[in-house]
Amino acid sequence: MHTVITRTPNSRREFDSYAVTAEFYDILQADEDEARVRRLYGREVAKARSGVLDIGAGTGRVTMLALADSWADVHAVEPARAMRTSLLTRLASLPAEQRDRVTVHPHPLDEAALHAVADVAVCHNMVGCLPPALRERLWSAICGALTPDGSLFLQLPPARLPVRTVVRVLADKRVGEHIYGGRMTMSAAGYRIRTRVDYWVRNAEDVLREHSETFWMWPATRARLVDELAQHGFVPLPGHNDSELLAVTLRSGR
């Protein structure tokens with residue numbers, strides 16, 4: 001396992017988002033997310049030969065899948081310190097053979113300077129968090145990080161703004177004497193989606209702690225993302241019909 005640190009005068013300051021969510025994510029959402037990750041990417045990750053690029057690795061669901069189901073090296077890109085801490089804690093418990101195959105990059109992909117390191121790239125639950133200008137930088141960086149025959153698999157963001165406020169209650173989970181719970185609220189705010197997540201910890205009688213964190217998302221249709229990626233040499237990959245997934249591959253002779 002390697003953490004790569006690059007110091008440059010123009011490097012953006014380290015991301016400090018997800019400081020609240022990192023504590024609650026694994027306990028409240030990881031089981032459901034792990035099943036989704038395996039369904040969306042499991043077959044392709046298992047076939048990786050030169051490497052797997054996990055962009056926005058979070059606490060490591062795609063990275064752990066790649067280490068368990070393939071023999072390829074893994075590059076986990078996670079700029080947020082809080083999420084990266086959970087990821088590294090999880091990696092520390094792995095056998096040495098698996099740890100030696102994963103490199104953790106603490107910067108956005110366009111600052112990681114990766115070239116032809118993977119034939120499979122995954123963007124899980126992160127593209128919607130990028131405004132269009134940053135998406136363009138991401139596509140360019142992915143193009144450089146993939147081998148000439150490489151493919152990209154990304155979970156599609158919301159296609160449009162919600163017409164009304166949407167509330168999703170996260171299932172309670174017990175840890176010893178405490179119950180952890182949460183609620184996600186999504187609403188339109190101009191051309192963006194405002195996502196507020198409220199968390200709480202309670203015992204049998206009282207609420208012991210409450211926390212909240214707000215994230216912003218930019219909707220994009222499948223067609224728009226296909227058009228953006230086409231400008232960087234990607235074409236749709238046949239045989240992938242899941243409504244949540246966009247699969248593209250680099251055009252031959254680009």
Side-chain angles (χ1 to χ4, degrees), residues 29-30 32-78 83 87 101-105 108-110 112 114-130 134-159 217-252 254:
Q29 301 184 65
E32 180 181 352
D33 202 36
E34 184 173 3
R36 182 182 297 108
V37 161
R38 182 166 290 280
R39 173 173 59 83
L40 293 177
Y41 319 113
R43 182 180 62 178
E44 302 302 330
V45 163
K47 295 189 296 186
R49 302 179 305 279
S50 57
V52 175
L53 178 63
D54 183 6
I55 307 162
T59 65
R61 293 299 156 188
V62 173
T63 291
M64 298 297 286
L65 174 69
L67 290 173
D69 288 11
S70 81
W71 292 103
D73 289 340
V74 180
H75 291 267
V77 177
E78 181 47 65
M83 291 300 233
L87 168 63
R101 288 194 287 119
V102 58
T103 302
V104 178
H105 301 271
L109 183 61
D110 60 293
L114 297 179
H115 179 69
V117 298
D119 57 323
V120 173
V122 175
C123 290
H124 178 66
N125 194 29
M126 63 83 64
V127 170
C129 299
L130 300 178
L134 288 186
R135 286 205 307 264
E136 283 297 315
R137 290 164 65 170
L138 176 64
W139 306 147
S140 179
I142 293 173
C143 187
L146 283 173
T147 57
D149 60 344
S151 298
L152 167 64
F153 304 88
L154 64 88
Q155 185 183 17
L156 288 165
M217 299 179 69
W218 286 259
T221 64
R222 178 189 292 269
R224 177 170 181 175
L225 295 179
V226 168
D227 287 345
E228 290 180 4
L229 286 159
Q231 302 304 311
H232 296 270
F234 288 96
V235 295
L237 190 62
H240 296 271
N241 302 315
D242 194 299
S243 62
E244 290 185 68
L245 180 69
L246 176 59
V248 294
T249 191
L250 285 170
R251 184 169 47 238
S252 298
R254 66 185 177 98

What's the verdict on side chain to side chain donor-acceptor pair (under 3.5 Å) for Glu228 and Trp139, showing C-alpha distance, side-chain angles and the deciding distance?
CA-CA 8 Å; Glu228 290 180 4; Trp139 306 147; 2.9 Å; yes
Can you tell me how far apart [atom1] ([X]) and [atom2] ([Y]) are? Round to the nearest 0.5 Å.
X	Y	atom1	atom2	value
Glu136	Leu229	CD	CG	8.5 Å
Arg222	Asp227	CZ	CG	12.5 Å
Leu65	Ser70	CG	OG	8.0 Å
Thr63	Asp54	OG1	CG	3.5 Å
Asn125	Leu154	CG	CG	11.5 Å
Thr103	Leu53	OG1	CG	11.0 Å

If you take all heavy atoms of [X] and [Y], which pair is closest and at what distance?
X	Y	value
Gly56	Glu78	C-OE1, 3.4 Å
Ala66	Val74	CB-CG2, 3.7 Å
Met126	Ile55	CG-O, 3.5 Å
Arg101	Leu67	NH2-O, 2.7 Å
Ala121	Ile142	CB-CG2, 4.3 Å
Gly51	Ala118	O-CB, 3.2 Å

Determine whether [X] and [Y] make a side-chain contact, defined as any pair of heavy atoms from C-beta on separated by less than 4.5 Å.
X	Y	answer
Val120	Lys47	no
Phe234	Leu250	yes
Val117	Asp73	no
Arg135	Leu225	yes
Arg36	Arg61	no
Leu134	Pro108	no
Glu44	Ser151	no
Leu152	His232	no

Please report the C-alpha distance between Thr249 and Val235 in whole Å, then the side-chain angles of each, then the deciding distance to 0.1 Å, and finally whether the side-chain contact (heavy atoms from CB on, under 4.5 Å) criterion is met.
CA-CA 5 Å; Thr249 191; Val235 295; 3.9 Å; yes
Check whether Arg49 reaches the backbone of Ala72 with its side chain - one donor and one acceptor, N or O, closer than 3.5 Å.
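Judged by distance alone, no pair lies under 3.5 Å.
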Just by distance, do the side chain of Thr59 and the backbone of Met83 share a donor-acceptor pair under 3.5 Å?
no
Donor-acceptor pair between Asp119 and Ser50 side chains, under 3.5 angstrom:
yes
So His75 and His105, would you call those rings parallel, tilted or perpendicular, with 30° and 60° as cut-offs?
parallel
